[in-house]
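Take a look at the structure below.
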Amino acid sequence: MTDVPVTTKKDWATDQEVRWCPGCGDYSILTALQLLMPKLGTRREDTVFVSGIGCAARFPYYMNTYGMHTIHGRSPAIATGLAMARSDLDVWVVGGDGDLLSIGGNHLIHALRRNIDVNILLFNNRIYGLTKGQCSPTSEQGKVTKSTPQGSLDRPFDAISVALGAEATFVARTHDMDRAHMQEMFRRAHAHEGAAFVEIYQNCNVFNDGAFDAITKRNARQSMIIDLRHGEPIRFGVDRELGVVLRRGRAEVVRVDDVGIQTLAVHDETAADPAAAFALSRLAESVDVPTPMGVFRAVDRPEYAASVNAQIAMAQAADGPGDLEALLHSQPTWQVG
Amino acid sequence: MTDVPVTTKKDWATDQEVRWCPGCGDYSILTALQLLMPKLGTRREDTVFVSGIGCAARFPYYMNTYGMHTIHGRSPAIATGLAMARSDLDVWVVGGDGDLLSIGGNHLIHALRRNIDVNILLFNNRIYGLTKGQCSPTSEQGKVTKSTPQGSLDRPFDAISVALGAEATFVARTHDMDRAHMQEMFRRAHAHEGAAFVEIYQNCNVFNDGAFDAITKRNARQSMIIDLRHGEPIRFGVDRELGVVLRRGRAEVVRVDDVGIQTLAVHDETAADPAAAFALSRLAESVDVPTPMGVFRAVDRPEYAASVNAQIAMAQAADGPGDLEALLHSQPTWQVG
Amino acid sequence: MTDTAEQAREVCEIDRIVIRFAGDSGDGIQLTGDRFTSASALFGNDLATLPEFPAEIRAPAGTLAGVSAFQIHIADHEITTPGDAPTVLVAMNPAALRSELSLLTGGGTIIVNHDSFVERNLAKAGYETDPLTDGTLDGYTVLTAPMTELTKLACQDLGVKPRDAERSKNFFALGLVSWLYSRPVESTLKWIEAKFAGRDAVIAANRAAFSAGHAYGETAELEGSRISVAPARLRPGTYTNITGNTALSWGLIAASLQAGIPLFLGSYPITPASDVLHELSKRKNFGVRTFQAEDEIAAVGAALGASYGGHIGVTATSGPGVALKSETIGLAVSLELPLVIIDIQRGGPSTGLPTKTEAADLMLAMYGRHGEAPVPIVAARSPSDCFFAAIEAVRLAVEHRTPVVLLSDGYLANGSEPWSIPDVEDLPPISFAFASEPNRTGPDGAPAFWPYQRDERLVRPWAIPGTPELMHRIGGIEKANGSGNISYEPANHQIMVNIRAARVATIANHIAEATVAGDPDAGLVVVGWGSTWGAITSAVERLRSRDRKVAHIHLRHLNPMPGNLGSLLAGFDRVIVPEMNTGQLARLLRAEYLVDARTISKVAGQPFMVAELEAAFTEALDD
Amino acid sequence: MTDTAEQAREVCEIDRIVIRFAGDSGDGIQLTGDRFTSASALFGNDLATLPEFPAEIRAPAGTLAGVSAFQIHIADHEITTPGDAPTVLVAMNPAALRSELSLLTGGGTIIVNHDSFVERNLAKAGYETDPLTDGTLDGYTVLTAPMTELTKLACQDLGVKPRDAERSKNFFALGLVSWLYSRPVESTLKWIEAKFAGRDAVIAANRAAFSAGHAYGETAELEGSRISVAPARLRPGTYTNITGNTALSWGLIAASLQAGIPLFLGSYPITPASDVLHELSKRKNFGVRTFQAEDEIAAVGAALGASYGGHIGVTATSGPGVALKSETIGLAVSLELPLVIIDIQRGGPSTGLPTKTEAADLMLAMYGRHGEAPVPIVAARSPSDCFFAAIEAVRLAVEHRTPVVLLSDGYLANGSEPWSIPDVEDLPPISFAFASEPNRTGPDGAPAFWPYQRDERLVRPWAIPGTPELMHRIGGIEKANGSGNISYEPANHQIMVNIRAARVATIANHIAEATVAGDPDAGLVVVGWGSTWGAITSAVERLRSRDRKVAHIHLRHLNPMPGNLGSLLAGFDRVIVPEMNTGQLARLLRAEYLVDARTISKVAGQPFMVAELEAAFTEALDD
Ligand SMILES: Cc1ncc(C[n+]2csc(CCOP(=O)(O)OP(=O)(O)O)c2C)c(N)n1
Ligand SMILES: Cc1ncc(C[n+]2csc(CCOP(=O)(O)OP(=O)(O)O)c2C)c(N)n1
Ligand code: SF4
Ligand code: SF4
Ligand SMILES: [Mg+2]
Ligand SMILES: [Mg+2]
């Protein structure tokens, strides 16, 4: 990426009127990314945003890059083909909790295990926004929605647990109320080679307003957000009086004084074994308990397209560059006349 | 289930000629189940086997119960509807690693999170058998198959990790070489209320012969199978000299002498937090390291259909049993003439 | 419950009027329209409505993209459409005026909220100058009222904050329009109480705003006198105003009662079908099970599984969902189990125009499966007809053990009309019985059960799990006719392909014949299906009132087609087919009967206007 | 590489022969058939083959369900089918004899492995008594040989274990048949060396068995003398024997070279399409990318993503997969990007008959999407023609920026025929260029890019990521023609629907016109598509050799159809359409041209026999 032209936020914005409800959390995510892109040292023409369908999925229309607004749930699969064909591109996938965890769940976990080089941003508002308020795979049990007047019976997924169970190499969580934190996660995701999965707690102020207030409201954050920092003991709380220990394979929130700093778990996002990260993901059991934010896991594993290109190179080294004439004569032949 | 007639294996077998390759591991699984069914105290007419497509998926034809051999990957969804509609039935789902983890992966994880009362048997032979030998989502990286002549590039799923990441309430693993162990797992799965997921290492002697020999061969088992027993320290090895500890959130195999019995992890399949079970699942990193077998997790959570029926009962208690006449007049009406 | 409008002096009676309410999505336009509709319905008019939402996503307030509209046609006689062009436009803001004005009939009446015509809003709507003063509205009857201000004023002493009071301005408009068009008042005030029960401030504000609007009409000097549309002479009966999706949902419930087996809906939300899921999920007291699946494939799969278990498996979706369900519907064809696939059509292809109407999925329903996989197709013709279409779809599915596609569309789904509530006793029966015992003797002389042994209608037994002796396995691989065992026999496959075709074809003997409306002896016949019924009917009536002869055949069943259709068509020298697609039914008719059926096509996300069809029919008659 | 058969005394020359090898799946029948095919090809015969596998799943050895067969038709003149009925049946076990005997022509020759006719095997095959002795074979020429024993004997001194030696018995049969039908020997011995390179014991055993079989023919007293089929006078050229799936895969590679952009195959394994994935995954040195996706939807999605990136996105599947891809194909229609969907048709509906052939997905290809979503359809007519059909499909997709469906079927996919290898220079060009710069000036006077600004063929620019200045967003929601911005405008939607239809319709101006084979002045025309070409051609030739006049039009393009087809059809008084479905093309022709096209239907998982068509055509001519 030599001499990438200097750009500003507005270079990355399109002329299209942004069409989300006033107050929607999607705006702050869009702003965070539009402000970040000029700092990533990439070109607009080398960047592609791929999405499915949903409010979140309208995202590509607002980024002055290449973009595909595809069909519901299929963006990870479509982005997989694009990333395989064009490893030179910077490919982002944006979608909602319905788009990526309900109808698109399978494409998501397969893209993760294959380590496709795409940055996947899951806008989790725990509701179906675009279709006006049905429950989603992240809606809490008992939630009353248009489709569940007596309360949802489905146990929700924890997006981080799902990703870690699917062999993901980069897994992080952030939220729409903290631009700096979002940008840090996006920057890390972009820097990661392979599939980078970022869950963003996002407020749908029309159909699920305040879903994350207990955690993300300014005054709540210190005591409700477990800020994961690589190499540091996991601590949080107004006076950092709380911490996390890993006991018998599971993570527990403790008072630092009760256990002593040295017993606190030291966060290692690079651990080859995802078990500890998974244990941490289980802390976010509901929307009103301290919830880890930050990078859960970031490990190196060959990125898919690179391996694909390597096989092509090997094949060409072995059989020489493709020669059609030779191919057509590669089976037994005989002459007539 | 009062006075269930006494039956024997042959009552549970159909007159259909079994059509698997001679030597296929599927035979031993079929036998194990046909021998077990008479002991479960259920009726044949109350039992339904639902499958997708694949060698494994031919299973229903050989069980003299009700059965649906459906389409590739959809059996968990179809069984979900059946189990929701008929909570009185004993519903089993049988499928291969392609059927349930590739095309059917999404239906599987959603059935697990909803805790649908079905017993899911995953015949994992790490290959596509019926289509004659392409790689599957559980094939090891680098595997040379018809579709991957230069070796597969995909990182495989660990079925147990996927299930645990998807909020499964019952998760177990067994293998086709040990009838007693298979039967024990099937019995436990059957007894579990809600979705019971059992992965069975199964040998495809035609397209992936010996895939599990390193673990399941009689002489290898003692040292390669980590036998999970609830409430007991996790030990294995010819002289039970090896064990498992849970350290910093992850599971490690150790020499018992080095750490002392008291530090060994005591297996708790009923732990509310799936983290420890997940940590154990990571031990099966490849097919040539000690691999845990048995029940990883078995916790109580309301079974889906029961909750559905409860909502119906609540609705009837509240609004009275459905009255069409009243429904048709439930909006403002007016008279003409 | 009925109440009557207090009549005032100098009211001029007219036979029909089309009013269009328009404003920002946030202005509660749909609510206002719904309420005006109920009042008119209770008053006894015949009516038809057409809500028009902005695209699924919310647009910024005050912009053209954010305009929401609701059109209602009320008359003192029977009508079949929401009206081509409104004669009255209620515009709550500049954007509404701008986007809807073109629809208004020349010289029509425009009622605007003057307070919203300020710089910022004008700019957002793309007006450089104020249309109220720059001559844009010359030739129209314009009635402006400072609705926002007067509403705030009215709420002043109620302790309602001005910002909240402002939200009630749509009720001011409703009150004003109610006065202008002599709508009953009491019922609306009562309704406000009920609707906002528990939120006293809101009730107070809305009542005050409504009354203020009504009073404004009475007192202010309004050009043009007050207008009234007398009640229509509808067939006697008890009426309710119903939308297509509600009628369809109730029809499914009625069908499950007629069949005596529970209803199972497996669905995945999608516009404009989601309301079927919403409505049925509120009806669990009927033993209805609703399942919001992870996707459309799981939704139809679950429905099929429920059908195997002895329930009526139903799935409701729109085009994109039907495409996804294709493989599973093919399985249902092979399993020969009841299944109802509801396609509430919307603009396509792909995501297309999710909130706009279209009827271009007929060929998908007919041919959208691999191999030879015929399925019966039923279509609804009006909002209330969705009730009966749903019953018919379930009847065919259950009695003939087959998946059935039920076609509706966005226009029917959200549109409404008064419906003479049928007597529950008169609903069509759905008769069948689960298999209860073996149907043959095995080679060993013991009783045996053959799942594919057929009755005279080629229907196989429906043996559900739990039934002793009848354990059997079914699947999507070709089966030996009779035993149902897997069979790769060439001859057997040919037989099964033929039987699957015959099973559907013979349904023609079990459905109503096609009937001819209008002039059976006309030279020209208009053949239609689905929601074009209303516009075709009106257009045909207009032509006939001008003594032009036209016949109209409207198809409830698209596959198989009624047995008498071929001979009926042979009786006309011209066949034209108006469709909201590029000519799908026309192609089916041409292929089936070799008649030169001509297409009148409109694929613009909107229903046909009566005038459009009237013109097209006239042309067809003249050339 | 060619070699010639050593000729022996008393050989009787015949012009054609149809040999069917049959045995247990484990007996290596396909290998034997393939080898006999190559030998015959190298010898210079024209030929056609028809492998018949048992159902996908392996059946127990020795059972009827486990029988695998391979039929080959060799001739000294041009032939187009693998032959209706074999004149020679090689049966390696009783089950093979039982399941295949009925196919054999009366008085045909039967060659059996005597050793396998023992109690157990006879029972497994359902024979109560030994067909070799109970008169079952009266009227046939029966030639029995103790193949197993003689093979073991031959291998005795090679240090090969008897059990392994037994595995070579199919080579004994091959040797014997090679002698009987005067096939070259050397090439087969050479081939054995190559095929089993590294496994010396196997090579030794197979060579020994083959030679023993050949010697057995020379020495033993065989009824009926030795037969030879002379080389065919084929057009001069270099020939290779090729299957449909190989030809199709190579065609895709050729097309990517012609277009100058890489090939991307997104696929999910399914019979009978998997071999395309297998073949292309071996050709990465051509820069081909192959991706085994998690399912068919991901496979086509990845292909579409690759197309957006500037590759030729292709997906290969069979009916069930096409059904699943429906929604994504609809998206491709809306995005107006190149995409090739290959449907290797098999028996349906649902899982149907996975290993049997059928051609019942035409309507699915034509109409299997929601909304109005037309796509071009191309069909292959013979195994080698799959090469050119693939190039044509890619050409239309790339040049017209549209998804294209390419139809083949199980019969073409696995069948083979000699192919005169084309000169690479003569392959059809594929011309297009990626957009490289802005295509208009924006309001601000600055250069702008409109992704939906069209050229005279209504084709939009293909601007791929990485191109400066051309950043743009596309999606499945309706777009404003030109700018490509989301548009809910009714008028624009109508325009876009019309353009999408016109885009495909105008392709008729860019494809070859339909041509008439046989007698252009006949009264009867046979219209066909796909793999029926061989059987129709032979049947037509037979009739014409009996001085009956028949014309034959075979369609490469099913949508749009050639511009001259309508006028051509008008020139005949009878139109019949043989199809391996219930009449899908016939329905399209009837709807399009209002001609009374009659269907000759066969849906039995097998191709038409020439005799069947000959009879049907004769009947059509006579009545
Ligand atoms: C195949 C298909 N099924 C269903 C829909 C309807 N639909 C559009 S968006 C959506 C889900 C929206 O929820 P989410 O993905 O969480 O995005 P959000 O709107 O909340 O940002 C659904 C069900 C569709 N467009 N296509
Ligand atoms: C929709 C669809 N796609 C693909 C196939 C082809 N197919 C049949 S079984 C199968 C996978 C078999 O592998 P697995 O599920 O592991 O079962 P196994 O045969 O190994 O027991 C595939 C790809 C199909 N029948 N239907
Ligand atoms: S519906 Fe919710 S998620 Fe969608 S734009 Fe509005 S606020 Fe945002
Ligand atoms: S292919 Fe493999 S899995 Fe299938 S039946 Fe044969 S041995 Fe078993
Ligand atoms: Mg959401
Ligand atoms: Mg498998």
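In what follows, every chain begins at residue 1, and chains take the letters A, B, ... in the order their sequences are listed. Values in this document were obtained by computation on a predicted structure and should not be read as measured data. The figures here come from the full heavy-atom set of this structure, side chains too, leaving out hydrogens, waters and symmetry mates.
Listed options Gln16(A), Met84(A), Gln311(A) were ranked by heavy-atom pairs under 4.5 angstrom with chain D; first place goes to Met84(A). In terms of non-hydrogen atom pairs under 4.5 Å with chain D, the most contact-rich of Asp319(A), Thr65(A), Asn106(A), Thr80(A) is Thr65(A). With chain A as the partner, the residue from Gly287(D), Gly313(D), Ala306(D) showing the most heavy-atom pairs under 4.5 Å is Ala306(D). Contact count versus chain A (heavy atoms, under 4.5 Å) is highest, among Gly301(D), Ala254(D), Pro418(D), Gly330(D), for Gly301(D). Between chain D and the residues Arg44(A), Arg114(A), His72(A), the largest count of heavy-atom pairs under 4.5 Å involves Arg114(A). Annotation: maximal heavy-atom pairing with chain A below 4.5 Å, among Gly309(D), Pro465(D), Pro236(D), Gly305(D), occurs at Pro465(D). Considering only heavy-atom pairs separated by less than 4.5 Å from chain A, the leading option among His311(D), Lys282(D), Arg235(D), Glu469(D) is His311(D). Per-residue counts of heavy-atom pairs under 4.5 Å with chain A were compared for Leu304(D), Asp423(D), Ile477(D); the largest is that of Ile477(D). Each of Ile297(D), Ile253(D), Leu257(D) has some count of heavy-atom pairs under 4.5 Å with chain A, and the biggest count is that of Ile297(D). Highest contact tally toward chain D, considering only Leu89(A), Asn309(A), Leu327(A), Thr70(A), is held by Leu327(A) [criterion: heavy-atom pairs under 4.5 Å].
If you measure heavy-atom distances from Thr290(D) to chain A, the contacts under 4.5 Å come from the backbone alone. If you measure heavy-atom distances from His107(A) to chain D, the contacts under 4.5 Å come from both the backbone and the side chain. Heavy-atom distances place the backbone of Met63(A), and not its side chain, under 4.5 Å from chain D. For Trp191(D), no part lies near chain A; criterion is any non-hydrogen pair under 4.5 Å. At a 4.5 Å heavy-atom cutoff, the contact between Thr14(A) and chain D is made by side-chain atoms alone. Heavy atoms closer than 4.5 Å to chain A are found in both the backbone and the side chain of Ile474(D). With a 4.5 Å cut-off on non-hydrogen atoms, Phe264(D) touches chain A through its side chain but not through its backbone. With a threshold of 4.5 angstrom between heavy atoms, Pro262(D) does not approach chain A through any atom at all. Interface remark: Val300(D) contributes no atoms to any contact with chain A (heavy atom separation under 4.5 Å).
Residues Ala77(A) and Ala298(D) share a closest heavy-atom pair of CB-CA, 3.6 Å. Taking all atoms of both residues into account, the shortest heavy-atom contact from Thr240(D) to Thr333(A) is CB-CG2, 4.0 Å. Across every non-hydrogen atom of Arg86(A) and Ile464(D), the tightest pair is NH1-CD1, 3.7 Å.
Rounding to the nearest 0.5 Å places CG of Leu335(D) at 8.0 Å from CD1 of Ile78(A). Distance check, rounded to the nearest 0.5 Å: CD1 of Ile486(D) to CZ of Arg58(A) gives 4.5 Å. Expressed to the nearest 0.5 Å, how far CD of Gln335(A) lies from OG1 of Thr238(D) amounts to 3.5 Å. In this structure, the separation between CG on Asp323(A) and CZ on Phe286(D) is 6.5 Å, given to the nearest 0.5 Å. Between the CD atom in Gln331(A) and the CH2 atom in Trp250(D) there is a gap of 4.0 Å [rounded to 0.5 Å]. The distance from the NE2 atom of His472(D) to the CD atom of Glu45(A) is 13.5 Å, given to the nearest 0.5 Å.
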Side chain to side chain contact (heavy atoms under 4.5 Å, CB included) assessment of Trp334(A) paired with Ser187(D): CA-CA 12 Å; Trp334(A) 69 95; Ser187(D) 61; over 6 Å; no
Phe387(D)/Leu328(A) under side chain to side chain contact (heavy atoms under 4.5 Å, CB included): CA gap, chis, key distance, verdict: CA-CA 11 Å; Phe387(D) 178 82; Leu328(A) 300 188; 3.9 Å; yes
Full working for side chain to side chain contact (heavy atoms under 4.5 Å, CB included) between Val50(A) and Tyr308(D): CA-CA 11 Å; Val50(A) 181; Tyr308(D) 184 68; over 6 Å; no
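No more than 12 heavy atoms of other residues, nucleotides or ligands sit less than 6.0 Å from atom NZ of Lys195(D).
Side-chain contact between Ile109(A) and Glu294(D) is absent, with no heavy-atom pair separated by less than 4.5 Å. Between Glu327(D) and Arg74(A) there is a side-chain heavy-atom pair separated by less than 4.5 Å. In this structure, the side chains of Arg233(D) and Val336(A) stay at 4.5 Å or more apart for every pair of heavy atoms.
Side-chain atoms of Tyr66(A) come within 3.5 Å of backbone N or O of Thr467(D) as a donor-acceptor pair.
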